[in-house]
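What follows is one structure encoded as structure tokens, with my remarks underneath.
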Amino acid sequence: MSYVKVHTALFTNDKFVNSTKLGDFADNVSELDWSIGEVMDALRGSGMDEDTLIIFTSDHGPYAERGEEGGSAGFVEVNGVKHNLRGAKAQNWEGGIRVPGILRWLKVQPTNMEHLYHPAASQLDIFQRIVEAAGVDLASRRVWCLMYLLSWMWPRRLRLTKARRGI
């Protein structure tokens, strides 16, 4: 499930307007939290909770040009010391690339285990790791996977390219 929250322009369901008394951004985060809670309740109710890999992450840091509405890069705590993150969306400073990332899969990793990973990682790694966890060897399928993705993204162009190459 993909959310447009908490990108600008911020819009919030009437139920959440001024609910936090901290402004539009906080109200937006509050609504996102509620919605994810509804999804989690549905998973628990269906009995699929333990078998479902849940990935919660963001695509980039804050949108600095929008000021307070654009969010904040925040800080990271390392060895008990807080470090403010520099940068924002479309910048390669840590504030532009370091985003929350939560993975939860109760069947594989029990809830009483906590791991905090400080180095930056890429969302590009997620597909590869999920496929590996499923026991699929992508090395032998690398060309096929690329061709499949390209055919989905640019169907007409790929068909022409395949025809020219006799594929």
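Quantities reported herein were computed from a predicted structural model and do not represent experimental measurements.
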Restricting to side chain to side chain donor-acceptor pair (under 3.5 Å), what partner residues turn up for [X], sequence neighbours left out?
| X | value |
| --- | --- |
| Thr52 | none |
| Arg86 | none |
| Asn18 | none |

Residues two or more places apart in sequence or in another chain: which of them pass side chain to side chain contact (heavy atoms under 4.5 Å, CB included) with [X]?
| X | result |
| --- | --- |
| Lys107 | Asp51, Trp105 |
| Glu50 | Leu106 |
| Leu22 | Thr20, Ala26 |

field: Minimum-distance pair of heavy atoms, taken over all atoms of Asp41 and Arg44
entry: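 Reported closest heavy-atom pair: OD1-NH1, 2.9 Å.
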- request: Grab the two heavy atoms, one from Asp24 and one from Thr12, that are nearest each other, plus how far apart they are.
  value: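 Distance-wise, the nearest heavy atoms are O-OG1, 4.3 Å.
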Which pairs of donor and acceptor atoms, one on a side chain in residues 30-40, lie under 3.5 Å apart (sequence neighbours left out)?
| from | atom 1 | to | atom 2 | distance (Å) |
| --- | --- | --- | --- | --- |
| Glu31 | OE1 | Lys5 | NZ | 3.4 |
| Glu31 | OE1 | Asn13 | N | 2.8 |
| Ser35 | OG | Tyr3 | OH | 2.8 |

message: Test side-chain contact (heavy atoms from CB on, under 4.5 Å) on Phe75 and Lys82; report intermediate values, then the result.
response: CA-CA 6 Å; Phe75 65 89; Lys82 292 182 180 179; 3.6 Å; yes
task: Pick out which of Leu43, Leu103, Ile102 makes a side-chain contact (heavy atoms from CB on, under 4.5 Å) with Ile54.
output: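 Per the side-chain contact (heavy atoms from CB on, under 4.5 Å) rule, the option paired with Ile54 is Leu43, out of Leu43, Leu103, Ile102.
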- prompt: Taking ILVMFWY side chains as joined if any heavy atoms are under 4.5 angstrom apart, and letting links pass through other members, which residues group with Trp93?
  reply: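 Result for Trp93 is none, singleton.
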message: Taking the side chain as everything from C-beta on, heavy atoms only, tell me whether Asp49 gets closer than 4.5 Å to Arg104.
response: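 Asp49 reaches Arg104 side chain to side chain.
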